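Predicted, not measured: the structure shown is a model, and the values here were computed from it.
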Amino acid sequence: MERTVLETQQVTKIYRSNEILVRAVDDVSIQVEAGEFIALVGPSGSGKTTMLAMLASLLVPTEGSVLIDGEPLGDMTDRQRTKFRREKIGFTFQSNNLIPYLTSIENVELMLRLNGKRVKQRRGRAKEILVRLGLDAQLNQLPSQLSAGQQQRVAIARSLIHNPSLVLADEPTANLDTARAHQVVQNFSDLIHEERHAGIMVTHDLRMCKYVDRVIQMVDGKISHLITSQEEISVLSESSEFDILEMGGASMTKKDVIR
Amino acid sequence: MALYLSVKEIWRNKGRFFLFSLVIALIAILVLYTAGLASGLASANKEYLEKLRADVLVFKSGVNYSTIESRIEYDQLRRIRLLEGVAEAGPIAFSNAKIVFDSEVDSIDVSFIGVDPGKPGAPNAVLGDNLRFAHSKVVLVDQKVAEDSNVSVGDFIKLSSTQGEEDEVYELRVVGITDGQQYFFRPSIFVSLPVWDRYRPKATAGVYRNKPDVNVVAVLAKDSTRLAYLPEAISAVIDDVETTDIQTAYESAPGYSEQQATLGTLQGFTLLIGTLVIGGFFQIQTLQKIPQIGMLKAIGTPDRIVASMAILQIIFVTIIGVLLGGLVTLGLVVGMPDNIPIQFSGSSVLTALIALLLIGPVGGMVSIRLALKVEPLTALGM
């Protein structure tokens, strides 16, 4: 039995839009173990990004609690949460957001620098993970010299290098073509499984679900389906991106909410 | 971490940051040049007065400390010397004259100043001798006169002054050279009071006295404890005079305050423009980097690192700009013609440099605030 890395207990996030209260995330409880990779899917406005932001400790739940490695994020001060993020959480964003003036290896080392690791430790680990992701020829190239897929792989390396307990990815394949999307998510999945991180990926692209262990589908802020069998996941991943938009009734857009 | 990111960003965007340092350099040149000009103009106006060895200056009352309007009779000077607490008192009489040459060389306009040898008002020679005797036809010239007229100790200069309706030329032997002693935008030459009265330009030729009226009396107190009541004592005992200190005297010179205020305003505006330019540049740069800053915050970068990055970049760019500006200004000054009265005093340069180094961080405050207010979720479009 793997240790539980992430646990949410009846997490709810309510936004106020004019006089209307919108439950962006409504009473969600999940558990993710080390070495487990989960896809969070759902139509726009289903609450998956809000959920991800709460898991990343960038947003505080209105109700309920989020525990990572048994530590409740709600009890932490802002400063403690910032420290917790850089030590325990890895993050890959929709746009890779690499630092444009740092080379691939320098971008990846950034997390270790932030965590005060020494040069020797940084260099070795950064090189190892970039080589593992097939970027040995791009170690000293700037982001502008890399393809979109290579940039995203550098971002993945950056999110994993400091050996975080929880790795979060927000639409990591949104700007990639199909072949590159598969390559990136497969790399991501392999590393999460091998290095025993707990991984959560928000995606619109159901085809990417074949690389995960569980699929959580959200609709209107609630978990509407939980798919755990590999057979069901295979079926789901054969469907198109359009299908997911039709599955739920998207009821809220970002314009409607005020954080 | 902040230092690492700042230096990397500057290094990998050398062109952009260098161009911006050049803008700061231009601002620095303008500020330093204005400071030098203000200092040079002030010095050309007051150098002699500023270097006077005196605690109190005595003027005729009601002339607003104007040296030209002020008249002190020699008898008043004698009575000042007798006052309790006065160590020494020396007369100073101002006039203008010309040094002329036999060859085609242009004449030099000078302040022609009469003093009592060895008394306050008579400057010391840095080369040769001081004035010694009241009736010697000798002159002490300041170093600018010596340089411009190419004279040395022992040479003769020819002094031209209008006597009645004629221009007369007098020969005076140079006994010594003083340091810079400009007064009223002219270099100065010094003679004893009787010689001064004899050779100064006058409406009626041949009229002169051994003990003429003077413009100002420079008084040296016996000690600092007596200095406090000395001005009052002089005004009380001597009729129709008022006293002041050296600074008030040169600040009262016509146009002095206005000139310094104008240059000060120019300097202030240049610094303000510099502050706004730096503020604008770094604000635009921060706006362009909002997603990057959002990402840094999301992955756990503390606010102090985000703020330090911005501050360090501003400091680097400002220091490079000010250094460049300083070097270029130095080069400009070296190659500048003599007739531009630019002069760098330690304090004016230091003040300008501190002000220039401060405008960076002050201008960058807005961008630092902006960087600190970046909300990761909004910046990352989540």
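Here the closest non-hydrogen pair linking B:Leu5 and A:Tyr101 is O-CE1, 3.5 Å. Here the closest heavy-atom approach between residue B:Arg12 and residue A:Leu102 is recorded as NH1-CA, 3.8 Å. Summarising the geometry of B:Gln292 relative to A:Pro100, their closest heavy-atom pair is NE2-CD, 3.0 Å, with the distance given to 0.1 Å. Closest heavy-atom contact between B:Ala298 and A:Phe93: CB-CZ, 3.8 Å.
Chain B is approached within less than 4.5 Å, heavy atom to heavy atom, by A:Thr82, A:Arg85 from residues 64-85 of chain A, ordered by number.
Contact annotation for A:Leu110: both backbone and side-chain heavy atoms come within less than 4.5 Å of a heavy atom of chain B. For A:Ile89, no part lies near chain B; criterion is any non-hydrogen pair under 4.5 Å. Looking at A:Glu106, the atoms closer than 4.5 Å to chain B (heavy atoms on both sides) sit in the backbone and in the side chain alike. Neither the backbone nor the side chain of B:Lys289 has a heavy atom closer than 4.5 Å to any heavy atom of chain A. Contacts between B:Pro302 and chain A at a heavy-atom distance below 4.5 Å involve backbone atoms as well as side-chain atoms.
Annotation: side chain of B:Met295 is in contact with side chain of A:Ile99 (closest heavy-atom distance under 4.5 Å).
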Side-chain donor-acceptor pairs under 3.5 Å in residues 363-373 of chain B, sequence neighbours left out?
from: B:Ser367; atom 1: OG; to: B:Gly364; atom 2: O; distance (Å): 2.7

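For the set B:Asp303, B:Ile299, B:Ile305, the count of heavy-atom pairs under 4.5 angstrom toward chain A peaks at B:Ile299.
For the atom pair B:Thr378 OG1 and A:Leu58 CG, the distance stands at 10.5 Å (nearest 0.5 Å).
Heavy-atom contacts from other residues, nucleotides or ligands closer than 6.0 Å to CZ of B:Phe185 number more than 12. Residue B:Arg304 qualifies as open at atom CZ: its count of foreign heavy atoms under 6.0 Å is 12 or below. Within a 6.0 Å radius of CZ in B:Phe316, other residues, nucleotides and ligands contribute more than 12 heavy atoms.
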